[in-house]
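The block underneath contains the structure these notes are about, expressed in C-alpha cells.
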Amino acid sequence: MRATRFFISTTKEAPSEAELASHKLMLRAGLIKRLGSGLYTWMPLGLRVLRRVEAVVREEMNRAGALELLMPAVQPAELWEESGRWAVFGPQMLKIKDRHQRDFCFGPTHEEVITDVARREIKSYRQLPLNFYQIQMKFRDEIRPRFGVMRAREFLMKDAYSFHASRDSLEATYLTMYDAYARVFTRLGLKFRAVAADTGAIGGSGSHEFHVLADSGEDTLAYCPDSDYAANMELAEALPPAAPRDVPTESLREVDTPKQTSCEDVAALLDIPLARTVKLVAYVAGEQMVAVLVRGDHAVNEVKLGKQAGMADFRLAGEAEIREAFACPPGFLGPVGLDRTRIRVLADRSVIEMSDFVCGANKPKLHLAGVNFSRDLPEPDLVADIRNVVAGDPSPDGRGRLELCKGIEVGHVFQLGSKYSQAMNATYLDEAGKAQAMEMGCYGIGVSRVVAAAIEQNHDAKGIIWPKSMAPFLLVIIAIGYGKSEAVKAAADALYADLSTAGIDVLLDDRDERPGVMFADAELIGIPHRVTIGERGLKDGMIEYQPRQNEAAPDGDARSVALADARTFLTGLLKL
RNA sequence: CGGGGUGUAGCGCAGUCUGGUAGCGCGCCUGCUUUGGGAGCAGGAUGUCGGAGGUUCGAAUCCUCUCACCCCGACCA
C-alpha cells in the first residue's frame, strides 16, 4: 500500500476525554473515530488491525472444529421471553420496536438465537456434538462506556456455542476451546492468564476467563506463583484461618469515637492493627436485615455473598433502614446486642477466629473494644467465605501464597449445561429414542477489546508497538525525498514491488512530508519494521533498517544494509 | 441512578467573574525557502460560542429550560 493512496490521519494531541493509553493512541493514530458514547468508527487503518485479530480467531476456531455462521444482530423479543431473559437482562439490553410495534432487541449475546437454530436443526444424538461460532457486532447499553473500544457499547465479538449429548462431550469441547483460546492469545503475542471464573447464577461445572495482563485492567486476578492456581478475585477462595480462636484476655469496654466512623479511623485512634477491628456492612435480603461481618482490613465479596443461603436477592441497606434496624446511624454499627430475631448475622471465616476485637457499639460516637464471641455476643447465624482475598492469603490449593494482579478480560469459556435447552425445549432423541435436553457450552472473545488490550500491553512514549500478528502493516518503507530524488524513488519503488511480490504487507511512505513527520507517524502507528531510503545512504548503495520494538521482544538491531541485499535481508528477517 | 465538571474553528485551549459582537497554539489552504526526527517566512480560510427561550440598546458572558459529552460514586458505614 502506498501512503499517498491510503488514509493516514494522525494527530499530535489526543482529545481530552481519552484517559487510557490505548484510547489516546488509537485516536491519535487514527485507528478509530468516536461517533457517540461507546460508539466508534473503525477507520481503514484500525480496521486492518481488527481484521487481523479476526483472522487469527477464525483460523483457530476452524482448527478446533467450530463452524462459522452469522446470526441476525436484531432479535425478536419472543425468544428472550422463552428463555426468561427479556425482563431479567435489564437496561443493558437495547430494546427496539419495528413499524408494527413489535419488540426486538439489538443482540447483546446470542444464546437464544443459537438455541433456536439448534432445536430446529438437531433431531438426533447422531448429529452431536456441534459447535457454531460467529464474529459479529453486539450492543450492550453499558452503565458507563469508557476507555474507547475497551468498554464500548457496540463491539465486535466472536461467540461460539456448542451442543452435546453428554456432559463428557461438553467437557471435551470445553477443553478444546480452552486450548484454542490459549493458541489465539499466544499467536496474537499477548501476555495473558487463564483464570477460574465465577459461573454466576447459571451454575455449571466450569468457567474460565482469559485476561490480558495490564495494570489498567478493570478486573483483579488472584494467582499463586508457586502453583498453577489462578482465579478471578470474584471467585478466589479465602481459606479459613489455620489458628483457633484465642481465649479472651480483655474485658468489654466502650471507647469514645466522636468522629471515627470507619475501621481505619478507629484503628488509628486506638493505635491497633486494622486486622483487630470488625466491620459490619448492612444488607437487606428479601425483607430480612442482614449484618455482614468482615475483618476491618477485608472487603465483602458480593458474588460470594450472593451464593449464601437466603442471599439470592440482596442489596445494600439504605441509611433509613439502618437507623430503623440498629437504632443507630451508620458508622458505629456492630454485632453486639442486636435483636437476632430481626437481624441475621453472617460472618466471614476470618472473623470468628478473632478475639478481643473492636467494633461499633450501635450507639452514636461509640465503639466497643475487647469484644469476644460467646462471652459478649452469640456466635453468628452463618459463617462462610464472603470476603475478597488479599495478597499474601494462602493459596486455596495449599501450595504457597496468593498474589494479585490486574487483567483485561478478553475471553470467556463457559459450560452452560442445559439452562437454555430446557427453557427453550431444545431436545434431541437419544439412542433409546427418548427426548433429552442438549448440553451446551458458550465461548466468547472480545475481538475489538483485544485490539485495545494489545496496545495497553505494547506501547511506549512514541506510540503503539504492534505484535507482528496484528500489525496493520508489517513493514514501512520511508522514502525521504520520494518526489524529489529519482534515485530514492527508483530504489523505494523497486523494494516495495519486491517485498509486495514476496507477500509482505508493506506500506510505502511516498508522501511529500518531512522525514520527522514520516518517522513520527510510523512510530505512532506502530509498524513493526522500518526501512529508510534516502539519498544520503543511497550514495553508498545503502539503506537503513530499524525495528519498532520494546525490550521484551527483540527483533534484531538497527543496521545499514546494501540496497542490493535488501530484499534477501528483509524476507529472511520476516521469515518469509 | 446520585454527585461533580465541560461544551467557543478539525484537535488542544483562553475569553465568561466585571455584557460592547471572538482569540491563541497545532492542523488546513497559497507562495517562496527548506528537506535524515513533528521546518521557516509571508499571506489566507474556517465559528449559527451545544440548542431553545428570556433579560438588555446590546449576550460566548446574566437568568430559565434543554441536549450532549466527560469524571467520580453506585461495597466497607
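A note on names: the letters A, B, ... follow the listed sequences, proteins ahead of strands, and every chain is numbered from 1. It should be emphasised that the depicted structure is a prediction, and the values quoted were computed from it without experimental measurement.
When rounded to the nearest whole Å, the span between CG of D297(A) and C1' of rC75(B) equals 16 Å. A straight line from CG of L316(A) to C1' of rG73(B) spans 13 Å, rounded to a whole angstrom. Atom P of nucleotide rG37(B) and atom CD1 of I525(A) are separated by 19 Å, given to the nearest angstrom. In this structure, R153(A) atom CZ and rC69(B) atom P are separated by 7 Å, rounded to whole Å. Here rC1(B) presents its P atom at 11 Å from CG of D141(A), a figure rounded to the nearest Å. In this structure, F147(A) places its CZ atom 17 Å from P of rC69(B), rounding to the nearest Å. Atom CD of E19(A) is separated from atom C1' of rU6(B) by 13 Å (rounded to the nearest Å).
Within residues 377-390 of chain A, no residue has any heavy atom under 4.0 Å from RNA chain B. Residues of residues 25-38 of chain A that place a heavy atom closer than 4.0 Å to RNA chain B, in numerical order, are R28(A), R34(A), S37(A).
Counted by atom type alone, H412(A) and S207(A) present one or more donor-acceptor pairs between their side chains at under 3.5 Å. Y545(A) and D557(A) form no side-chain donor-acceptor contact under 3.5 Å, judged by distance and modelled atom types alone. Side-chain contact check for K406(A) and T220(A): at least one donor-acceptor pair (N or O, by modelled atom type) lies under 3.5 Å. If you check the side chains of D265(A) and S262(A), you find a donor sitting under 3.5 Å from an acceptor. A donor atom on one side chain and an acceptor atom on the other are found under 3.5 Å apart for Y482(A) and R2(A). Using modelled atom types and a 3.5 Å distance limit, the side chains of Y283(A) and E302(A) yield a donor-acceptor pair. Side chains of S216(A) and E456(A): a donor on one and an acceptor on the other come within 3.5 Å. Donor-acceptor pairing under 3.5 Å is recorded for the side chains of N232(A) and E209(A).
Comparing rG15(B) with rC71(B), their C1' atoms are spaced 24 Å from each other, to the whole Å. Taking the C1' atoms as reference points, rA39(B) lies 42 Å from rG51(B), given to the whole Å.
In the set rG12(B), rC26(B), rC76(B), rC26(B) carries the atom at the smallest distance from any side-chain atom of K12(A). With rG37(B), rG12(B), rC75(B) as the candidates, the nucleotide lying closest to the side chain of S16(A) is rG12(B). Listed nucleotides rC71(B), rC70(B), rG36(B) differ in distance to R536(A); the shortest reach to its side chain belongs to rG36(B). Of the candidates rC76(B), rG37(B), rC26(B), the closest approach to any side-chain atom of V294(A) belongs to rC76(B).
Nucleic acid contact for E13(A): base, since at least one base atom lies under 4.0 Å from a heavy atom of the residue. Contacts of E264(A) with the nucleic acid, taken as non-hydrogen atoms under 4.0 Å apart, involve only primed sugar atoms and P, OP1 or OP2. Base engagement by G537(A) is indicated by at least one non-hydrogen atom pair under 4.0 Å involving a base atom. Within the nucleic acid shown, D521(A) comes within 4.0 Å of at least one base atom, counting heavy atoms only. Contact annotation for I143(A): base contact, defined as any heavy-atom pair under 4.0 Å involving a base atom. Residue contacts shown for L305(A) are absent, as no nucleic acid heavy atom lies under 4.0 Å away.
Residue P145(A) comes nearest to G38(A) through the heavy atom pair CB-CA, 3.9 Å, listed as atom of the first residue, atom of the second, then distance.
Using the Watson-Crick or G-U wobble rule with both distances under 3.5 Å, rC26(B) pairs with rG10(B). Checking rU35(B) for Watson-Crick or G-U wobble geometry (two distances, each under 3.5 Å) identifies no partner in any strand. Nucleotide rC69(B) forms a Watson-Crick or G-U wobble pair with rG5(B), both donor-acceptor distances falling under 3.5 Å. Under the Watson-Crick and G-U wobble criteria, each requiring two contacts below 3.5 Å, nucleotide rG20(B) is paired to rC57(B).
The backbone N or O of A238(A) lies less than 3.5 Å from a partner atom in the side chain of R349(A), making a donor-acceptor pair.
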Close N/O contacts between protein and nucleotides 33-35 of chain B (under 3.5 Å):
residue : atom : partner : partner atom : Å
rU34(B) : O2   : R514(A) : NH1          : 2.8
rU35(B) : N3   : K484(A) : NZ           : 3.4
rU35(B) : O4   : K484(A) : NZ           : 2.3

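Map A14(A) and R530(A) each onto its nearest nucleotide of RNA chain B; the residue landing nearer the 5' end is A14(A). Checking I322(A) against P15(A), the closest nucleotide of RNA chain B that is more toward the 5' end is the one next to P15(A).
W42(A) does not carry K33(A) over the face of its six-membered ring by the limits of under 6.0 Å from the centre and within 45° of the normal.
The pair K304(A)-D348(A) fails the salt-bridge criterion, with no side-chain N (NZ, NE, NH1 or NH2) lying under 4.0 Å from an Asp/Glu carboxylate O.
Between F373(A) and F357(A), the ring-plane angle classifies as tilted under the 30° and 60° cut-offs.
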